[in-house]
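Report on the following structure.
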Amino acid sequence: MYADLHLHTNFSDGTYTPEELATQARRHALSALALTDHDTVEGCARMAAACAQHQIEFVVGAEFTAEHEDHELHLLGYFLDTGHASLLRELARFQSVRQDRIREMVARLNRLDIPLEADAVFALANCRSPGRPHVARALVQGGFCQSLDEAFGRFLKKHRPAWVPKARMSAAAAIALIHDAGGLAVMAHPGLNHNDGLIAPMAEAGLDGLECYHTKHSAAASEHYIHLARQHHLLITGGSDCHGLSKGRPLIGTVKLPFEHFLRLKERVPTRPSAGAPAPPPPG
Ligand code: AMP
Ligand code: ZN
Ligand code: FE
Ligand code: FE
């Protein structure tokens with residue numbers, strides 16, 4: 001049995017609907033999934049229903065963009081309470097910042113004589129958590145670029161003329177927010193950080209796990225991060241980071257987390273009354 005704990009839908013920058021993603025997961029014989037859209041949990045209700053239809057275990061998640069001492073890192077929150085007020089307030093704030101960022105990217109493109117309209121990007125994105133891939137798709141759809149690669153390469157990549165930095169919350173604050181919402185905090189794709197020095201301070205800040213298995217990790221890199229996870233007493237997780245068809249072939253099914261790691265993650269979930277957990281015994 002296997003799990004995939006890093007997936008995106010069209011509630012952020014993936015292309016699959018939750019139902020399509022669950023169908024793909026069934027085809028790849030995955031037994032558990034987590035949805036980790038950027039800055040939103042809105043797709044989770046539909047994903048949960050679709051997974052139930054396929055007898056797939058489902059975990060609510062989200063991916064947060066964070067920083068520690070000016071180094072960017074992504075944090076995955078798992079088993080989040082989707083009704084948690086301060087979580088929803090923070091997510092709404094980051095969604096609004098993302099929308100402002102789209103307007104700023106479009107304004108920069110306009111100054112480069114590319115008459116793209118922000119509303120075209122928003123219409124195409126059709127979600128509250130739009131990102132650069134939506135701008136790239138709108139550039140292709142408008143005939144301004146031939147491909148997504150060209151759109152990123154010419155305009156949207158870091159330090160290209162339409163690139164706008166993304167708002168990041170402090171990693172310690174993100175971990176605290178995830179914990180506050182009843183969840184577990186996992187550092188996403190550490191291999192993409194090129195900075196293993198982030199792991200110790202994050203473990204110190206309460207990080208629960210490390211995404212050792214990921215599309216962009218070689219077998220050797222996965223082994224390396226499993227070793228570091230053990231060293232820092234972190235749970236081992238993994239996922240494909242599938243964005244549907246936006247990056248060529250869909251990645252779901254290419255990274256499979258052995259189920260024992262998923263079971264250990266579940267054991268660590270703090271019980272909360274709203275999750276249907278039994279009330280703790282009275283003190284004394
Ligand atoms: P954002 O969160 O708006 O900064 O967008 C990040 C998304 O853009 C992630 O899903 C990345 O994988 C994707 N992305 C970043 N660079 C590229 C690129 N050069 N080509 C295609 N997608 C990219
Ligand atoms: Zn993404
Ligand atoms: Fe990420
Ligand atoms: Fe991701």
Side-chain angles (χ1 to χ4, degrees), residues 4-16 21 34-40 42-43 61-67 71-78 91 94-106 108-109 118 121-122 124-125 127-140 145-169 171 174 185-195 198 202 209-217 225 237-252 255:
D4 185 337
L5 303 182
H6 192 155
L7 296 162
H8 297 270
T9 65
N10 61 351
F11 280 85
S12 69
D13 57 1
T15 64
Y16 287 142
L21 193 57
L35 180 59
T36 54
D37 272 318
H38 300 281
D39 295 329
T40 184
E42 289 169 291
E63 183 169 9
F64 300 82
T65 305
E67 68 182 354
H71 297 283
E72 180 167 318
L73 66 146
H74 294 180
L75 289 166
L76 299 163
Y78 290 120
L91 291 174
F94 275 95
Q95 289 161 16
S96 141
V97 168
R98 277 178 170 273
Q99 292 161 21
D100 290 344
R101 178 173 174 245
I102 298 286
R103 290 187 195 93
E104 177 60 26
M105 286 191 275
V106 168
R108 291 186 192 201
L109 287 164
V121 181
F122 291 130
L124 181 150
C127 70
R128 290 195 180 86
S129 199
R132 281 182 294 164
H134 297 115
V135 179
R137 283 178 225 162
L139 282 168
V140 173
C145 292
Q146 297 299 311
S147 67
L148 300 177
D149 273 352
E150 184 193 334
F152 270 93
R154 275 174 68 195
F155 301 116
L156 300 172
K157 256 168 52 172
K158 195 169 182 180
H159 304 314
R160 290 288 180 223
W163 173 72
V164 177
K166 188 158 60 174
R168 313 186 290 206
M169 68 196 303
V186 170
M187 187 190 288
H189 43 64
L192 295 185
N193 296 340
H194 306 293
N195 188 351
L198 290 169
M202 291 301 98
L210 195 61
E211 188 177 53
C212 299
Y213 298 92
H214 183 270
T215 305
K216 295 280 175 71
H217 289 177
Y225 288 112
T237 76
S240 64
D241 210 352
C242 179
H243 282 71
L245 298 168
S246 63
K247 294 176 188 169
R249 86 199 155 108
L251 294 170
I252 185 167
V255 175

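The residues of the chain are indexed from 1 along the displayed sequence. In each ligand, atom 1 is the first atom listed, and ligand 1 is the first ligand listed.
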Quiz item: So, is Asp13 polar-close to ligand 1, with some N/O to N/O distance under 3.5 Å?
Solution: yes
Quiz item: Sorted by chain and residue number, which protein N/O/S atoms are under 2.8 Å from the Fe ion (ligand 3)?
Solution: Glu63 OE2, His74 ND1, His189 NE2
Quiz prompt | From Ser12, Ser129, Pro130, residue fulfilling side-chain contact (heavy atoms from CB on, under 4.5 Å) relative to Gln95 | solution = Ser129
Quiz item: Of His214, His74, His243, which is the lone residue that meets ring-ring contact (aromatic ring centres under 6.0 Å, His included) with His6?
Solution: His214
Quiz item: What distance do Arg98 atom CZ and His38 atom NE2 have between them, rounded to the nearest 0.5 Å?
Solution: 6.0 Å
Quiz item: Between Leu5 and Tyr213, is a side-chain contact (heavy atoms from CB on, under 4.5 Å) present by the stated rule, with each step listed?
Solution: CA-CA 10 Å; Leu5 303 182; Tyr213 298 92; over 6 Å; no
Quiz item: Which of the numbered atoms in ligand 1 are below 4.0 angstrom from a heavy atom of Pro133?
Solution: 5 (O), 7 (C), 8 (O)
Exercise. For Arg98, counting its heavy atoms only, list the atoms of ligand 1 lying under 4.0 Å from any of them.
Key: 2 (O), 3 (O)
Self-check item: Candidate with minimal heavy-atom separation from atom 1 (P) of ligand 1, of Glu72, His243, Lys166, Lys158
Solution: Lys166
Quiz item: Are side-chain N/O atoms of Asn193 and His71 paired as donor and acceptor at under 3.5 Å?
Solution: no
Quiz item: Is Asp13 close enough to the Zn ion (ligand 2) to have an N, O or S atom under 2.8 Å?
Solution: yes
Exercise. Ignoring angles and geometry beyond distance, decide whether His38 reaches within less than 3.5 Å of ligand 1 through its nitrogen or oxygen atoms.
Key: no
Quiz item: When you look for heavy atoms under 4.0 Å from ligand 1, do you find them on the side chain of Arg101, its backbone, both, or neither?
Solution: side chain
Exercise. Mind checking side chain to side chain contact (heavy atoms under 4.5 Å, CB included) for Val97 and listing every partner two or more places apart, or none if nothing turns up?
Key: Ala167
Quiz prompt | Distance (rounded to the nearest 0.5 Å) between Asp37 CG and Asp13 CG | solution = 7.5 Å
Self-check item: Flag if over 12 foreign heavy atoms under 6.0 Å of CZ, Arg128
Solution: no
Quiz prompt | Side-chain donor/acceptor of Ser240 to backbone N/O of Val255, under 3.5 Å | solution = no
Quiz item: Yes or no on ring pair (Phe, Tyr, Trp, His ring centres under 6.0 Å) for His189 and His217, after CA distance, side-chain angles and deciding distance?
Solution: CA-CA 8 Å; His189 43 64; His217 289 177; 7.7 Å; no
Quiz prompt | Metal check, the Zn ion (ligand 2) vs His243 N/O/S, cut-off below 2.8 Å | solution = yes
Quiz item: Which ligand 1 atoms, with their elements, are less than 4.0 angstrom from a heavy-atom of Gly131?
Solution: 3 (O)
